[in-house]
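Single-structure report; data block below.
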Amino acid sequence: RENMVVVGNKPPVIYDTADNLHVSEDAVQQFRLQDYGTDLEDGGNLIWTLDEDSVDQTLFQASISDNLLMILPMDNKNGQGDITLKVTDTDGGDYVKTDVTIIVDPVNDAPGAPDSVNITPEGPKTSDNLVCQASGSIDPDEGDVVVYRYQWYRDDALQAGLTSNTVPFSRTSKGQVWRCEVTPSDGFIDGAPRSASVTIGNSLPEVSVRRITGVARDILIAFDLVD
């Protein structure tokens with residue numbers, strides 16, 4: 001007499017590693033779901049699906065195609081949220097579900113270029129200090145403070161020692177073109193620079209009277225002329 005045993009199909013299994021999946025902010029990440037489960041017979045018979053209602057779309061978008069899970073974080077968003085995955089064994093129709101935590105890791109973003117860069121006075125003379133003003137750079141990362149770094153160029157030649165927002169008039173001469181380049185930074189990464197230029201004009205000569213002598217119509221005036 002022979003005894004016959006019928007081996008039933010076992011439901012699929014989702015591994016514990018299918019949790020705390022990390023993605024970087026502002027980057028698309030894909031996961032091969034075949035690596036996160038089995039049906040103990042033939043892993044090729046598994047179909048993975050996603051409960052779309054479980055996705056926090058304010059944090060990221062999620063989809064599955066050909067058993068590839070794709071996570072697309074929203075712009076400049078980070079944090080964590082759970083999604084519900086379902087894996088079905090096509091041999092017997094058994095399935096299991098699990099909640100998977102998606103962790104969006106923050107990435108430091110560069111601040112934007114300044115909206116404006118201006119040098120005052122707009123028509124400088126050789127007796128004027130040059131002052132560079134920048135504004136409007138915004139850092140997309142909440143809480144980051146934008147600082148400006150200044151670099152001056154004279155006739156396109158780098159002036160290594162001039163890294164503040166001011167050039168004293170003693171460094172300028174008539175006809176020179178001075179350019180101020182402003183680079184925004186959050187202290188870790190630089191944004192795109194922006195610049196402005198001015199051309200130095202001639203100052204009117206200065207007259208200083210040293211001595212006046214004589215009387216009535218016969219007067220002698222001695223003076224110094226500085227250009």
Side-chain angles (χ1 to χ4, degrees), residues 23-28 58-59 72-79 104-227:
V23 300
S24 294
E25 177 186 320
D26 302 333
V28 178
T58 64
L59 181 60
L72 173 61
M74 306 306 287
D75 289 343
N76 302 312
K77 295 290 186 179
N78 57 77
V104 181
D105 296 317
V107 174
N108 188 27
D109 295 303
D115 285 341
S116 66
V117 174
N118 300 297
I119 299 175
T120 55
E122 294 182 0
K125 303 296 190 295
T126 53
S127 58
D128 294 322
N129 296 328
L130 305 181
V131 180
C132 186
Q133 302 285 352
S135 63
S137 178
I138 298 175
D139 195 302
D141 299 320
E142 185 176 353
D144 282 2
V145 176
V146 177
V147 295
Y148 295 119
R149 189 171 66 250
Y150 298 88
Q151 180 61 66
W152 290 89
Y153 296 79
R154 184 189 65 206
D155 297 330
D156 288 330
L158 174 70
Q159 304 301 295
L162 295 176
T163 55
S164 72
N165 72 326
T166 302
V167 174
F169 72 88
S170 59
R171 298 288 297 268
T172 69
S173 296
K174 176 186 175 182
Q176 293 175 342
V177 177
W178 283 82
R179 175 164 56 92
C180 174
E181 183 178 86
V182 182
T183 303
S185 175
D186 63 4
F188 297 95
I189 186 171
D190 292 343
R194 189 166 183 169
S195 62
S197 300
V198 292
T199 300
I200 306 301
N202 191 32
S203 296
L204 293 175
E206 297 180 1
V207 177
S208 58
V209 178
R210 291 192 292 113
R211 186 175 65 256
I212 300 177
T213 58
V215 293
R217 292 182 299 176
D218 188 11
I219 299 176
L220 176 63
I221 301 175
F223 60 88
D224 293 325
L225 179 63
V226 179
D227 188 358

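One-based numbering along the sequence shown.
- Qualifying side-chain hydrogen bond (donor to acceptor under 3.5 Å, both in side chains) partners for Asp115, counting only residues two or more places apart in sequence or in other chains: none.
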Val117 vs Ser195, side chain to side chain contact (heavy atoms under 4.5 Å, CB included): CA-CA, chis, key distance, verdict: CA-CA 6 Å; Val117 174; Ser195 62; 5.7 Å; no

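- Every residue was checked against the side-chain hydrogen bond (donor to acceptor under 3.5 Å, both in side chains) condition with Thr163, not counting sequence neighbours, and none meets it.
- The salt bridge (charged side-chain N to carboxylate O under 4.0 Å, His left out) test applied to Asp156 returns Arg179, not counting sequence neighbours.
- In this structure, NZ in Lys77 is found 7.0 Å from OG1 in Thr58, a value given to the nearest 0.5 Å.
- The disulfide bond (SG atoms under 2.5 Å apart) pairs that include a residue from residues 151-192 are Cys132-Cys180, where partners are two or more places apart or lie in different chains.
- A search for side chain to side chain contact (heavy atoms under 4.5 Å, CB included) contacts involving Ser173 returns Gln176, not counting sequence neighbours.
- Annotation for Pro114 and Ala134: closest pair CB-CB, 4.5 Å, computed over non-hydrogen atoms.
- Judged as a side-chain hydrogen bond (donor to acceptor under 3.5 Å, both in side chains), and not counting sequence neighbours, Asn165 has no contacts.
- Nearest approach of Asp109 to Glu25, heavy atoms of both residues: OD2-OE2, 3.3 Å.
- When all heavy atoms of Asp128 and Pro121 are compared, the closest pair comes out as OD2-CG, 3.7 Å.
- Inter-residue side-chain proximity for Thr126 and Phe169 is flagged as unmet; no heavy-atom pair is nearer than 4.5 Å.
- Between the side chain of Asp186 and the backbone N or O of Phe188, at least one donor-acceptor pair lies under 3.5 Å.
- With sequence neighbours excluded, no residue forms a salt bridge (charged side-chain N to carboxylate O under 4.0 Å, His left out) with Arg171.
- Contact between Ile189 and Ala110 at its shortest, heavy atoms only, is CG2-CA, 3.7 Å.
- Counting only heavy atoms from C-beta outward, the side chains of Val182 and Arg194 never approach each other to under 4.5 Å.
- In this structure, the side chain to side chain contact (heavy atoms under 4.5 Å, CB included) partners of Ala113, at least two apart in sequence or on a different chain, are Ala192.
- A heavy-atom distance below 4.5 Å is found between the side chains of Leu130 and Ile200.
- Residue Thr166 holds its OG1 atom at 7.5 Å from CH2 of Trp152, rounded to the nearest 0.5 Å.
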Got a list of side-chain donor-acceptor pairs under 3.5 Å for residues 143-151, not counting sequence neighbours?
unit_1, atom_1, unit_2, atom_2, d
Tyr148, OH, Gly136, N, 3.4
Tyr148, OH, Ser137, N, 3.1
Arg149, NH1, Asp190, OD1, 3.4
Arg149, NH2, Asp190, OD2, 2.9
Gln151, NE2, Gln159, O, 2.7
Gln151, NE2, Leu162, O, 3.4

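- Applying the side-chain hydrogen bond (donor to acceptor under 3.5 Å, both in side chains) criterion to Asp141, with sequence neighbours excluded, gives no partner residue.
- Under the side chain to side chain contact (heavy atoms under 4.5 Å, CB included) criterion, Ser116 pairs with Asn118, Ser135, sequence neighbours left out.
- Nearest approach of Asp26 to Pro73, heavy atoms of both residues: N-CB, 4.0 Å.
- No donor-acceptor distance shorter than 3.5 angstrom exists from the side chain of Thr120 to the backbone of Glu122, with no hydrogens or angles considered.
- Listed by chain and residue number, nothing satisfies the salt bridge (charged side-chain N to carboxylate O under 4.0 Å, His left out) test with Asp105 (two or more places apart in sequence, or in another chain).
- Here CH2 of Trp178 is found 10.0 Å from CD1 of Ile119. Values are rounded to the nearest 0.5 Å.
- In this structure, Asn76 CG and Glu142 CD are separated by 11.0 Å, a value rounded to the nearest 0.5 Å.
- Rounding to the nearest 0.5 angstrom, the gap separating the OG atom in Ser197 from the CG atom in Asp155 is 10.0 Å.
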Derivation of the side chain to side chain contact (heavy atoms under 4.5 Å, CB included) call for Leu59 and Val104: CA-CA 8 Å; Leu59 181 60; Val104 181; 4.2 Å; yes

